[in-house]
Protein chains: 2
Amino acid sequence: MTNVIDESGLLAISTRLQRLSDQLRKDGLKIYESYGIQFEPKWFPVIYTLHKKPILSVVEIANEIGYTHPSTISLLKELEKKNLIKSKKDKDDERKRLLYLTREGETLVEKMQPIWDVMVKALEQLTNTSNNLMKAIDEVEYQLKLQGFYQRAELIKENKSK
Amino acid sequence: MTNVIDESGLLAISTRLQRLSDQLRKDGLKIYESYGIQFEPKWFPVIYTLHKKPILSVVEIANEIGYTHPSTISLLKELEKKNLIKSKKDKDDERKRLLYLTREGETLVEKMQPIWDVMVKALEQLTNTSNNLMKAIDEVEYQLKLQGFYQRAELIKENKSK
DNA sequence: TGCAAATATGTAGCTAACTACGTAGTTTTG
DNA sequence: CAAAACTACGTAGTTAGCTACATATTTGCA
């Protein structure tokens with residue numbers, strides 16, 4: 001806590017969250033590199049999802065990973081270019097494009113499993129402090145689902161004006 | 001926890017952090033709007049810093065808010081365009097540009113104080129769960145300072161190979 | 001059953017941060 | 001005291017998400 005911003009606390013929380021996210025992503029990339037694997041952390045959600053649920057449409061993937069479908073499409077394009085995934089038309093619904101891991105994609109997942117183990121261990125070290133970051137995120141997301149930040153602010157504003 | 005990604009836990013933590021950050025920023029903007037104030041959450045760090053430390057150079061601001069200087073410069077440009085801040089050359093060091101709040105900027109800060117109070121209260125509601133998010137961030141950043149994510153992964157890797 | 005509404009995908013362009021690089025002053029040092 | 005190294009600032013271009021809009025199927029209901 002050497003600077004004004006950290007002292008301003010909650011008001012800069014969005015900034016702090018983003019900074020932490022960037023830092024972890026950058027090191028994530030370096031870790032893959034150190035294993036000689038060319039894999040970007042942002043691809044993880046798609047690859048992992050298709051590993052767990054082998055055939056999904058674009059929108060299904062988007063929902064699983066919690067991104068919008070345009071963001072998902074751009075990830076899918078990169079992964080198709082890398083030959084890690086492929087797609088085929090859904091015969092029952094001509095609108096849908098069904099995605100699945102290629103043989104190459106499956107092989108890569110197998111190679112990454114031990115790396116993921118290491119990452120999880122390192123992240124456990126980092127986050128298993130007296131306030132667990134992952135649990136805190138879960139809890140805040142749950143609170144947000146109950147009532148959003150904006151709605152809460154509106155209610156507090158109204159109460160004050162009485 | 002309805003989808004594959006949330007279940008993958010720590011590996012998608014960077015994604016989760018960013019999403020939460022975006023969500024809070026978007027609602028932040030709406031809250032300012034609901035008070036009829038045209039202020040973007042991303043400007044907060046600069047404005048707040050200049051309010052607390054009235055005259056700072058570009059790089060000093062960047063350090064205070066924890067951004068790179070190019071990012072800071074683009075924020076400064078927006079704020080100068082809004083007439084919330086101004087700059088003058090440092091007479092002792094011709095390289096430096098010293099920034100400060102304009103009268104208009106100071107007035108806006110005064111107007112925003114009650115909004116910030118409301119925001120802090122709403123954020124306290126949201127984050128004061130059994131694992132406090134802000135404290136968790138502090139703790140993880142402290143852990144990262146002791147030893148980064150990459151270094152930790154390297155050590156775990158080496159131990160395994162023995 | 002045919003048309004309106006909904007759903008699935010795609011494209012274009014925005015945003016808020018970043019890195020890499022260049023230039024101009026300042027400081028240090030041989 | 002001049003050259004080298006450093007510091008401050010700025011610009012250009014990248015990235016990883018987003019929203020808004022467009023098009024093509026499919027579904028549902030009057």
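Just so it is clear: chains get the letters A, B, ... in the order the sequence lines come, proteins before strands, and each one is counted from 1. Computed from heavy atoms alone, side chains included, the values below leave out hydrogens, waters and symmetry copies.
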Novice: Of the listed nucleotides (D:dC18, D:dT26, D:dT11), which one gets closest to any side-chain atom of A:E94?
Specialist: D:dT26

Novice: Need to verify one output field. Residue with the more 5' nearest nucleotide on DNA chain D, A:L75 or B:I73?
Specialist: B:I73

Novice: B:V120: which residues meet the side-chain contact (heavy atoms from CB on, under 4.5 Å) condition with it, sequence neighbours left out?
Specialist: A:L10, A:L11, B:E124

Novice: Without decimals, in angstroms, what is the distance between A:E78 CD and D:dT15 C1'?
Specialist: 9 Å

Novice: Would you kindly give the CD-to-C1' distance between B:E40 and C:dC14, to the nearest whole Å?
Specialist: 12 Å

Novice: When the distance from CG of A:D92 to C1' of C:dT7 is rounded to whole Å, what number comes out?
Specialist: 16 Å

Novice: Under 3.5 Å, is there a donor-acceptor pair between the B:K157 and A:S34 side chains?
Specialist: yes

Novice: Can a salt bridge be assigned to the pair A:K42 and A:E78 using a cut-off of 4.0 Å between side-chain N and carboxylate O?
Specialist: yes

Novice: At less than 4.0 Å, is any side-chain N or O atom of A:R25 found next to OP1 or OP2 of C:dA17? Yes or no.
Specialist: no

Novice: Using whole Å, what does the distance between atom P of nucleotide D:dC9 and atom CG of B:D90 come to?
Specialist: 9 Å

Novice: Quick one: which protein N/O atoms are closer than 3.5 Å to N/O atoms of nucleotides 4-8 of chain D? Pair and distance per line, please.
Specialist:
from	atom 1	to	atom 2	distance (Å)
D:dT7	O2	B:R95	NH1	2.7

Novice: Any salt bridge between A:E80 and A:R97, counting N to O under 4.0 Å?
Specialist: yes

Novice: Answer yes or no: is there an ion pair linking B:E106 with B:K86, defined by an N-O contact shorter than 4.0 Å?
Specialist: no

Novice: Without decimals, in angstroms, what is the distance between A:H69 NE2 and D:dT23 P?
Specialist: 14 Å

Novice: Can you tell me how far P of D:dC18 sits from OH of A:Y67, to the nearest Å?
Specialist: 7 Å

Novice: With a cut-off of less than 4.0 Å, is there a side-chain N or O of A:S71 near OP1 or OP2 of D:dC18?
Specialist: yes

Novice: Measure the distance from NZ on A:K91 to C1' on D:dT26 and round it to the nearest whole Å.
Specialist: 19 Å

Novice: Is any NZ, NE, NH1 or NH2 atom of the basic residue among A:K89 and A:E94 found under 4.0 Å from an Asp or Glu carboxylate oxygen of the other?
Specialist: no

Novice: B:K26 near the nucleic acid: base, sugar-phosphate alone, or nothing, with a heavy-atom cut-off under 4.0 Å?
Specialist: sugar-phosphate

Novice: Can you check whether A:W43 and A:Y48 have ring centres sitting under 6.0 Å from each other?
Specialist: no

Novice: Report the distance from atom CG of B:L56 to atom P of D:dC9, rounded to the nearest whole Å.
Specialist: 11 Å

Novice: Check the phosphate of D:dT11 against B:K77, side-chain N and O only, distance under 4.0 Å to OP1 or OP2. Yes or no?
Specialist: yes

